[in-house]
Amino acid sequence: MLKTIIDTDIRKAIDLLNANEVVAIPTETVYGLAANALSEEAVVKIFEAKQRPFFNPLIVHVSSIDEIDLYAEMDEISRKLASCFMPGPLTLLLPKKELVPGIVTAGSTKVAIRVPQHHIAKSLLQQLDFPIAAPSANPFGYVSPVTAKHVYDGLNGKIHYILDGGNSNVGVESTIIEVENEQVILHRVGGLAIEEIENVIGIKLIRKKTEKNPTTSGQLKSHYATTTDLIQGNIQELLQQHSSKKIAIISFKKQYPNIADQDQYILSKEGSLQIAAQNLFHVMRILDEKDYNLILTEIFPNEGLGVAINDRLYRAQSSQKS
Ligand code: TXA
Ligand code: MG
């Protein structure tokens, strides 16, 4: 077992990354488990620490849009999206250049790239001579971490260092987009709302339905899952169906009068989907640590970041675990 340290020393993170070690780093979406994207030796360690299957490719993080050109080919629409939304919670799937090792893309000719917005991630990338490959810093299949402590809870003993950058303020993973033959394909809903993307490109996104044969793990049926069973739907109906169980509720802004206060978690009293997204993974983790038999969650408004919230909750459901 390694001794896992949580601290705020960027220099220490840089030294470890330069030595081909993995380091958990903050980003504005979720914490990432980072390693030198150009070193196979380093990237293998990400898969090992996370227990992630090798067929599942990694996102490459760079410090600027200009740097993307070193590692991938950009079409016009992708370039437009990059100029509007990077740095930020957008990942572009682009034809990769030679420099990117096959292990990062799981053999695919396309590489997923993003420019993080978090000031610590930015500063780190600016001081490194290479891009960083980083999946979310959680054991494969579990809820993504949005604090250094969450990373520690999942990966203690598996990594040397967690760079603490506070709470991830987007709170859900990046939106993944691919442009192919003038069509714009949505691979994963996330922290950048669909409406914002469609406003910029002027055409509708195409949603890829590939659950049987997922090209991204965010499309695997059960993912982002709590250990405690979770069901999404109409709370009052679900309460009746499961009346014998010890139940916790996740709601958007509503307080349920027939439920004890300590058993219900309102994600945003003021009704902001952005704040609800920020709080989502925190609350899923808090409830998972308590002794509930079942977590019930509302279906959120299917707009803005509500789409990503619904997606993560849908996939966290126990019925999806088979
Ligand atoms: O917000 C985020 O995107 C966070 C932070 C750390 O950047 N990262 C993240 O990584 O969520 P991960 O590995 O947990 O999810 C990335 C998704 C996976 O579903 C992976 O299969 C997909 O992106 N992906 C990565 N490279 C790909 C590629 N070359 N082709 C298709 N899908 C790819
Ligand atoms: Mg992940």
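Atoms within a ligand are numbered from 1 in the order they appear, just like the ligands themselves. Model, not experiment: these values are computed from the prediction.
- Results of the side-chain contact (heavy atoms from CB on, under 4.5 Å) test with Leu94 over Thr109, Val179, Asp75 single out Asp75 as the only residue that passes.
- When each atom of ligand 1 is checked for a heavy atom of Leu58 under 4.0 Å away, the hits are 25 (C), 26 (N).
- Heavy-atom contacts of Gly32 reach the following atoms of ligand 1: 6 (C) (cutoff under 4.0 Å).
- In terms of polar-atom proximity, defined here as any N/O pair under 3.5 Å, Glu173 makes no such contact with ligand 1.
- The backbone N or O of Phe300 sits less than 3.5 Å from a side-chain atom of Asn310, completing a donor-acceptor pair.
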Applying salt bridge (Lys or Arg N to Asp or Glu O under 4.0 Å), run through Lys45 and Glu21 and close with a yes or a no. CA-CA 7 Å; Lys45 292 179 186 168; Glu21 291 298 336; 3.3 Å; yes

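- Contacts of Lys110 with ligand 1, taken as heavy-atom pairs under 4.0 Å, involve the backbone alone.
- Between the side chain of Glu178 and the backbone N or O of Ile185 there is no donor-acceptor pair closer than 3.5 Å.
- For the pair Tyr31 and ligand 1, the shortest N or O to N or O distance does not fall below 3.5 Å.
- Heavy-atom proximity to Ile176, at under 4.0 Å, picks out these atoms of ligand 1: 17 (C), 23 (O).
- Note: an N/O pair closer than 3.5 Å links Ser174 and ligand 1 by distance alone.
- Remark: the backbone N or O of Ile59 is not paired with any side-chain donor or acceptor of Arg114 at under 3.5 angstrom.
- Here is the list of ligand 1 atoms found below 4.0 Å of a heavy atom in Arg52: 12 (P), 13 (O), 14 (O), 18 (C), 20 (C).
- In the candidate list Pro53, Pro57, Pro135, Pro57 is nearest to atom 33 (C) of ligand 1, counting heavy atoms.
- Of all the heavy atoms of Lys96, none lies under 4.0 Å from any atom of ligand 1, so neither backbone nor side chain is involved.
- Taking backbone and side-chain atoms together, Ser144 has no N/O/S atom less than 2.8 Å away from the Mg ion (ligand 2).
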Start with the C-alpha distance between His242 and Lys245, add both sets of side-chain angles, then the distance that settles side chain to side chain donor-acceptor pair (under 3.5 Å), and finish with yes or no. CA-CA 6 Å; His242 299 276; Lys245 293 182 181 150; 3.2 Å; yes

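- The main-chain N or O of Thr228 is found under 3.5 Å from a side-chain atom of Asp288 such that the two form a donor-acceptor pair.
- Contact atoms of ligand 1 toward His61: 5 (C), 6 (C), 7 (O) (distance under 4.0 Å to a heavy atom of the residue).
- Residue contact check for ligand 1: His187 places no non-hydrogen atom closer than 4.0 Å to it.
- Under a 3.5 Å cut-off, the side chain of Ser39 and the backbone N or O of Asn36 do not form any donor-acceptor pair.
- Within ligand 1, the atoms closer than 4.0 Å to a non-hydrogen atom of Thr29 are 1 (O), 2 (C), 4 (C), 5 (C), numbered from 1 in the order shown.
- Residue-to-ligand polar distances keep Thr27 apart from ligand 1: every N/O pair is separated by 3.5 Å or more.
- With rounding to the nearest 0.5 angstrom, the NZ atom of Lys290 is 8.5 Å from the CD atom of Gln262.
- Between the side chain of Lys50 and the backbone N or O of Asn138 there is at least one donor-acceptor pair closer than 3.5 Å.
- Set against the non-hydrogen atoms of Ala112, the atoms of ligand 1 under 4.0 Å away are 25 (C), 26 (N), 27 (C), 29 (N).
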